[in-house]
Protein chains: 2
Amino acid sequence: MSRMTTVAAHTTGSRALAHPERAEIRLEAVLHALSDPMRLAVVREMAASQGPDSPGLSCSHFDLPVTKSTSTHHFRVLRESGVIEQVYRGTAKLNGLRRGDLDALFPGLLDSVLDAATRQADRLSEH
Amino acid sequence: MSRMTTVAAHTTGSRALAHPERAEIRLEAVLHALSDPMRLAVVREMAASQGPDSPGLSCSHFDLPVTKSTSTHHFRVLRESGVIEQVYRGTAKLNGLRRGDLDALFPGLLDSVLDAATRQADRLSEH
DNA sequence: ACCGTAGTACGGCAGCTGTCAAACTACGAG
DNA sequence: CTCGTAGTTTGACAGCTGCCGTACTACGGT
C-alpha cells in the first residue's frame, strides 16, 4: 500500500506537486497557513524577492532555522492551502506566491497581510 | 489554588475581562483567530451588525451551533487575540470588534478579510 | 554505474485545538 | 431570599500541529 512512488511521474525532470485549483482555495486555510510565524516569514521573503507583480516563480533559497523535514512540512501547508506553488527544476524547487489566484479570489488580502507583517516587524524592532 | 473567583471583581455589575493592549496585539494571533470558520462567522456577523464605523459595542446575540462552553472558548480566543472586546452588562455580554485598534495596527487588514469572507460565501452559495 | 546533494515520507512526541458534559458563579426578577 | 437564566470553569477526549530523527527517493555530476 506504499510502493507507488516510483511508478509514474517522470515528466522530463519535473515531478508534479498537488496544488488546489483556484476555486478550491479556502479563506480559512489561507489565514491558517499565514498564522504561523515561520510560514509568514517565508511568504514575506517570497513576496519581497518576487516584487509586487509576480513573474510567476522565483528561485529563492530559504534558510529556515529548522530541519529539512520541518521545512517540507511548512511548504506543504503553504502549497496545500493555495498560498504558494512549487515545481521542481532538477534537484531544486521553484517557489512562487500564487498572487494571481489570491488577488482574484480575495482582492487586497495578501497585500494587507504583507503590509501588516511589515508594520508589526517595524513596530517590534524599534522596541 | 482555584478559590479566588469571588474574592475581587464586583465593580458595580461589570466584571472585567482581560484584553491585550493595542501594542500587544500580534498579527499571527489575529490571523489564527480568524482562521476558524466559527470565529470568522462571529466576526462577520459582528461587523455587519455594527456597521462600518463602529460605535464601540453592540449587543448582538449569537446563536452558534455549539454548546455554551464552546462559545465561551471561541469568544475567549477572539478576545485574547485582540480582535474583539467584551464587557458585561448585567447578565449579558456586550461584544464589539476592536476596529480602531486593528485599523491602526494593520490598516485594511480587517476589511480585506471581511471582504474575502463575503466573496467566498457568495462564491460558494451560487454553487 | 556510483556518489553526493536536495527534498520527501514515516514514525514519534509534546503541546495545542475544538468539542462536549457537568458543576459552578453571577446577576435580575419575583 | 430564592429561582431561573447567562456565562465560566474544569476535565476529558480525539484530532491536529510543529518539531525532530531516520530512512528513503530523485536528480545531477563524475
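Every chain is numbered from 1 and lettered A, B, ... according to where its sequence line falls, protein lines coming before strand lines.
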Exercise for review: Apply the test side-chain contact (heavy atoms from CB on, under 4.5 Å) to residues E45(A) and D63(A): give CA-CA distance (whole Å), side-chain angles for both, the deciding distance (0.1 Å), then the verdict.
Suggested key: CA-CA 11 Å; E45(A) 194 171 322; D63(A) 218 350; over 6 Å; no
Check your understanding: Within this structure, what is the CZ-to-C1' distance between R79(A) and dA9(C), rounded to whole angstrom?
Key -> 13 Å
**Study point:** Nucleotide nearest T70(B) (side chain, heavy atoms from C-beta), chosen from dC20(D), dT8(C), dT19(C)
**Key:** dT19(C)
Review point. Could you walk me through whether V30(A) and V113(A) pass the side-chain contact (heavy atoms from CB on, under 4.5 Å) check?
Key: CA-CA 11 Å; V30(A) 171; V113(A) 173; over 6 Å; no
Study note, to complete from the structure: Out of dG21(D), dT9(D), dT8(C), minimum distance to the side chain of Y88(A) belongs to dT8(C)
Revision key, fill the gap. Contact check, residues 35-44 of chain B vs DNA chain D, heavy-atom distance under 4.0 Å, returns none
**Study point:** Min side-chain heavy-atom separation V42(A)-L64(A) under 4.5 Å
**Key:** yes
Exercise for review: Find which nucleotide of DNA chain D each of P65(A) and H32(A) is nearest to by heavy atoms, and output the residue with the more 5' nucleotide.
Suggested key: H32(A)
Check your understanding: Within less than 4.0 Å of OP1 or OP2 of dG21(D), is there a side-chain N or O belonging to T67(A)?
Key -> no
Exercise for review: Could you work out which one of dA21(C), dG18(C), dT8(D) sits closest to the side chain of H74(B)?
Suggested key: dG18(C)
Check your understanding: dA21(C) base to S69(B) side chain: any donor-acceptor pair below 3.5 Å?
Key -> yes
Review point. Can a side chain N or O of R76(A) be found less than 4.0 Å away from OP1 or OP2 on dA9(C)?
Key: yes
Check your understanding: What nucleotide, of dG18(D), dC20(C), dG7(C), holds the atom closest to the side chain of K68(A)?
Key -> dG7(C)
